[in-house]
Amino acid sequence: LAERLAGAGLAAVSFNTSGSGVGEDLEGFSEPEAFRRGTLSRQLEDVERVRQLALGGGLGPVDPARGGLFGHSRGGGVALVHAAEAGDYRAVVTWAALDCFDRWDEPTKATWRREGVLGVLNARTGQELPMGLEVLEDYERHHARLDILAACRRLRAPVLALHGSADEAVEPAALERIAAALPGDAGSRTRRVEGQGHTLGAVHPLTEVPSALRQAIDESVAWLSVHLGAEAPH
């Protein structure tokens with residue numbers, strides 16, 4: 001995606017949040033303690049910190065008036081909330097975005113509170129990563145701020161939201177709820193990608209780009225190019 005954006009004359013700033021658990025090799029989840037403490041509020045702070053760096057010239061020669069935002073899965077939900085708060089993005093793209101961060105039933109929450117940690121299975125690596133009780137407490141303390149659909153209703157930037165119809169991680173109905181919440185006059189577009197799962201056909205390591213993923217990349221680059229005033233993609 002970053003290469004295609006560069007081909008369209010757009011600079012891409014990609015990063016992992018401090019609570020992602022991804023280590024210096026940018027591949028493995030080698031920092032489980034960081035993942036354990038990775039609250040949603042902290043993720044929003046990290047994204048805002050990068051935005052402020054861009055606005056202040058700390059990320060090189062980028063035009064701060066032509067900002068767009070991309071996020072996948074939980075990152076898509078974070079992107080929607082952050083974009084609503086920042087108010088100055090010209091376009092947003094999400095793939096397989098959550099429409100609600102509260103995905104735990106009450107028995108799970110009770111166990112989480114009792115044990116102080118919840119194990120989360122990473123489908124790609126097979127690792128069980130610890131999620132500390134502070135993640136749940138942060139959500140409960142800031143649930144109004146972390147309401148994704150309420151954030152969508154405040155958004156004025158046009159959103160392109162893609163979601164696989166066979167997504168096994170985030171139910172495809174999340175796309176319809178996001179679509180219903182987005183303002184009708186913002187020019188947003190949502191599309192269900194038929195037959196595709198959570199990663200739109202991508203696997204790790206990515207040795208070739210499957211057609212569905214390539215189409216999603218092309219569509220996303222075209223969307224950002226139009227709304228950020230870039231060159232035609234090539």
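One is the number of the first residue; the rest follow in order along the sequence.
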(request) Given side-chain contact (heavy atoms from CB on, under 4.5 Å), test H227 with R66 step by step and report yes or no. (result) CA-CA 8 Å; H227 293 287; R66 295 167 57 205; over 6 Å; no

- [ ] Start with the C-alpha distance between L118 and L133, add both sets of side-chain angles, then the distance that settles side-chain contact (heavy atoms from CB on, under 4.5 Å), and finish with yes or no.
- [x] CA-CA 7 Å; L118 180 69; L133 184 58; over 6 Å; no

- request: Decide yes or no on salt bridge (Lys or Arg N to Asp or Glu O under 4.0 Å) for R42 and E45, but give the supporting numbers first.
  value: CA-CA 5 Å; R42 180 170 294 169; E45 290 170 6; 5.3 Å; no

Carefully, step by step, assess L136 and K109 under the rule side-chain contact (heavy atoms from CB on, under 4.5 Å).
CA-CA 8 Å; L136 175 60; K109 291 178 182 178; 4.3 Å; yes

Report the C-alpha separation of L44 and L146 in whole Å, then their side-chain angles, then the decisive distance to 0.1 Å, and conclude whether the side-chain contact (heavy atoms from CB on, under 4.5 Å) test is met. CA-CA 10 Å; L44 286 168; L146 298 171; 3.7 Å; yes

| request: Evaluate side chain to side chain donor-acceptor pair (under 3.5 Å) for Q215 paired with E219, printing each intermediate quantity in order. | output: CA-CA 6 Å; Q215 183 178 356; E219 192 171 349; 4.7 Å; no

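Counted by atom type alone, T199 and W95 present zero donor-acceptor pairs between their side chains at under 3.5 Å. For the 3.5 Å distance criterion, the side chains of T94 and H72 fail to qualify, holding no donor opposite an acceptor.
Counting only heavy atoms from C-beta outward, the side chains of H163 and E171 never approach each other to under 4.5 Å. L160 has its side chain out of reach of V92: every pair of non-hydrogen atoms, C-beta onward, lies at least 4.5 Å apart. Residues F15 and V47 have side chains in contact (heavy-atom distance under 4.5 Å, counting atoms from C-beta outward). For the pair P183/R153, no side-chain contact is recorded, criterion being any heavy-atom separation below 4.5 Å from C-beta on. R51 has its side chain within reach of D88: a pair of non-hydrogen atoms, C-beta onward, lies under 4.5 Å apart.
In this structure, H143 has its ring center no closer than 6.0 Å to that of F101.
Between S220 and V93 the shortest heavy-atom distance is OG-CG1, 3.5 Å. The two residues C100 and I148 have their closest heavy-atom pair at N-CD1, 3.6 Å. The two atoms that bring G229 and R90 nearest to each other are N-NH2, 4.1 Å, heavy atoms only. Residues G187 and W223 approach most closely at O-CH2, 3.1 Å, considering heavy atoms. Residues D102 and Y139 come closest through the heavy atom pair CB-OH, 3.4 Å. Considering all non-hydrogen atoms of both residues, V62 and A11 come closest at CG1-CB, 3.8 Å.
Cluster annotation: L175 and L98 are assigned to distinct hydrophobic clusters (Ile/Leu/Val/Met/Phe/Trp/Tyr, side-chain heavy-atom contacts under 4.5 Å, transitive). No path of Ile, Leu, Val, Met, Phe, Trp and Tyr side chains, each step under 4.5 Å between heavy atoms, connects V203 with V170, placing them in separate hydrophobic clusters. No chain of hydrophobic side-chain contacts below 4.5 Å, direct or via other Ile, Leu, Val, Met, Phe, Trp or Tyr residues, connects V50 to L55. In the hydrophobic clustering of ILVMFWY residues, with side-chain heavy atoms under 4.5 Å counting as a link, V135 and V117 come out apart.
Separating the CG atom in L5 from the OG atom in S225 is a distance of 7.0 Å, to the nearest 0.5 Å. Atom CD of E208 is separated from atom CG of L213 by 11.0 Å, given to the nearest 0.5 angstrom. Between the CG atom in L182 and the CZ atom in R189 there is a gap of 13.0 Å [rounded to 0.5 Å]. Taking CZ of R113 as the start and OG1 of T111 as the end, the distance is 10.5 Å to the nearest 0.5 Å. Interatomic distance, L80 CG to Y89 OH, rounded to the nearest 0.5 Å: 12.0 Å. Once rounded to the nearest 0.5 Å, the distance linking NE2 of H82 with CG of L69 reads 6.0 Å.
Salt bridge annotation for D138-R37: absent, with no cationic side-chain nitrogen under 4.0 angstrom from a carboxylate oxygen. The pair R145-E85 meets the salt-bridge criterion, since a charged nitrogen lies less than 4.0 angstrom from a carboxylate oxygen.
The backbone N or O of M131 lies less than 3.5 Å from a partner atom in the side chain of W112, making a donor-acceptor pair. The closest donor-acceptor contact from the side chain of T108 to the backbone of W104 lies at 3.5 Å or more, if one exists at all. Between the side chain of S165 and the backbone N or O of G195, at least one donor-acceptor pair lies under 3.5 Å. Of the possible donor and acceptor atoms, none in the side chain of E134 sits under 3.5 Å from a partner among the backbone N and O of T39. Put simply, the side chain of S188 never gets that close to the backbone of G184: no donor and acceptor are under 3.5 Å apart.
Heavy atoms from other residues, nucleotides or ligands lying under 6.0 Å from CZ of R156 number more than 12.
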